[in-house]
Student: 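Just passing along the structure, written as structure tokens.
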There are 2 protein chains.
Amino acid sequence: MTALSDRGREFSALLLEVFRVNGLLLAAGDELAEPAGLTSARWQVLGVVDHGPCTIAQVARIMGLTRQAVRQTATSLVRDGMAEFHDNPQDLRAKLLALTPRGRSALRQVERRQAAWANDLAGRIALAELRAVTGTLRDLGDLLEDR
Amino acid sequence: MTALSDRGREFSALLLEVFRVNGLLLAAGDELAEPAGLTSARWQVLGVVDHGPCTIAQVARIMGLTRQAVRQTATSLVRDGMAEFHDNPQDLRAKLLALTPRGRSALRQVERRQAAWANDLAGRIALAELRAVTGTLRDLGDLLEDR
DNA sequence: GCCAGATTGACAAGTACCTGTCAAAGTGGG
DNA sequence: CCCACTTTGACAGGTACTTGTCAATCTGGC
């Protein structure tokens, strides 16, 4: 029987905190996006397309998701008039997803709210602590990716 | 136009790391659970029921999920012979979810694998760092919960 | 004992992801 | 030019969660 070591227990506590904070951040993101008629997923897709129209496959690669996930979100954005597909002279299959004026204004609105929220929260945590956590999490992420 | 402060940018970097590590942890959990015919969600429900049979509503409260989410997972566990519903003399509506021998052995198998995995990873990160990250994340979580 | 209100499981529908499969379109080697 | 390989969007189906609604059951105050 393999039991948890002391370190293993400390590590498990970290896992639970990551899950908890992740859930709270997602909820905060949805709350930030909601007044603009968006959700976290829709807002993030709009954010990518804001840098320039791109295909579903390109957005998926940038966001680290599958094409299918992005397609679903893109379809709903088009349905709601936030984005539209333009013909792509480079590739007949892959139309370019682009912001509509309505999508752009919704995105700007969320970005403003998000910045105020991030500035506020960031001000309540010591900068050194902030950097230390980010560093350790990055190391942990690399460790997890390596296997 | 509200822009991100320096601290806000540092905070945003932390957000991305939390999302990344969360995704990697979920993937690792599914990988750990898969050989036993489980998933992260199914394994966690079994883990709760292992402490003693309880109703769907009780499991949901313990896990911080809705009854509906737990009901779905519980139904699939019962379908696969990992758990079963027993009549509850205290409440005619709320049957008690309990482990079957097969569910118990699957759970034990995952717990062994999970402990070895956690011990291994925990050994690669300094204990002080581990504690510091957990502490800061807990503070951040409390901050997020307060609003 | 009864009735109001809370709790519970079930059902419906929606969001956000996933995998697998397919045909159409693009790309490069001989 | 053509044929193999890759990329792409679309479709089907699955997982894991959500909210809202409903009727049945439990619980506490009078």
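Hydrogens, waters and symmetry mates are skipped; everything else that's a heavy atom, side chains included, is used. Please read these numbers as outputs of a predicted model, since none were measured by experiment. Lettering follows sequence order; numbering is per chain, from 1.
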Student: Starting at the 5' end of DNA chain D, which residue's closest nucleotide do you reach first, B:Q68 or B:R79?
Tutor: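 Here B:R79 is the residue nearer the 5' end.
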
Student: At a heavy-atom distance below 4.0 Å, what parts of residues 20-58 of chain A sit against DNA chain C?
Tutor: A:T39, A:A41

Student: Between atom CD in A:Q72 and atom P in D:dA10, what is the gap in whole Å?
Tutor: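 Between P of D:dA10 and CD of A:Q72: 13 Å.
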
Student: Does any part of the side chain of B:F19, heavy atoms only, come nearer than 4.5 Å to the side chain of A:N22, both counted from C-beta?
Tutor: yes

Student: Could you tell me from which nucleotide to which nucleotide of DNA chain C, 5' to 3', there is an atom under 4.0 Å from chain A heavy atoms?
Tutor: C:dA16 to C:dG26

Student: Both B:K95 and A:G64 contact DNA chain C. Which one's nearest nucleotide lies toward the 5' end?
Tutor: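 Of the two residues, B:K95 wins.
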
Student: Starting at CG of B:D91 and ending at P of D:dC26, how long is that distance when rounded to a whole Å?
Tutor: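 Rounded to whole Å, this separation is 5 Å.
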
Student: Given that A:R61 and B:N88 both sit by DNA chain D, which one's nearest nucleotide is further toward the 5' end?
Tutor: A:R61

Student: Could you check whether any side-chain heavy atom of A:C54 comes within less than 4.5 Å of a side-chain heavy atom of A:V48, counting everything from C-beta outward?
Tutor: yes

Student: Counting C-beta onward and ignoring hydrogens, is there a side-chain heavy-atom pair between B:S76 and B:R79 closer than 4.5 Å?
Tutor: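 Yes, at least one pair of side-chain atoms sits under 4.5 Å.
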
Student: Between the side chains of B:N119 and A:S5, does any donor sit under 3.5 Å from an acceptor?
Tutor: yes

Student: For A:M63 and for A:P89, locate the closest nucleotide of DNA chain C by heavy-atom distance; then report the residue assigned to the nucleotide nearer the 5' terminus.
Tutor: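 Result: A:M63.
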
Student: B:D87: what forms a side chain to side chain donor-acceptor pair (under 3.5 Å) with it, not counting sequence neighbours?
Tutor: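 With neighbours one apart ignored, the set is empty.
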
Student: Return the value, rounded to whole Å, for the distance between atom CZ of B:R67 and atom C1' of D:dG20.
Tutor: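 The answer, rounded to whole Å, is 11 Å.
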
Student: Assess the residue pair A:T39 and A:D30 against the criterion (side-chain hydrogen bond (donor to acceptor under 3.5 Å, both in side chains)); give the C-alpha distance rounded to whole Å, side-chain angles, the decisive distance to 0.1 Å, and a yes or no.
Tutor: CA-CA 5 Å; A:T39 62; A:D30 280 336; 4.9 Å; no

Student: In whole angstroms, how far is the C1' atom of D:dC17 from the CZ atom of B:R71?
Tutor: 14 Å

Student: Could you tell me if B:E17 and A:T134 have a donor-acceptor pair between their side chains, going purely by distance under 3.5 Å?
Tutor: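 The answer is no; no qualifying pair exists.
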
Student: Answer yes if A:L26 and A:M63 sit in the same cluster of Ile, Leu, Val, Met, Phe, Trp and Tyr residues linked by side chain heavy atoms under 4.5 Å apart, and no otherwise.
Tutor: no

Student: Once you round it to whole Å, what is the distance between C1' of D:dT19 and CG of B:L65?
Tutor: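 Rounded to the whole Å, the gap is 14 Å.
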
Student: Pick from A:L15, A:L144, A:L14: which one makes a side chain to side chain contact (heavy atoms under 4.5 Å, CB included) with B:L121?
Tutor: A:L144

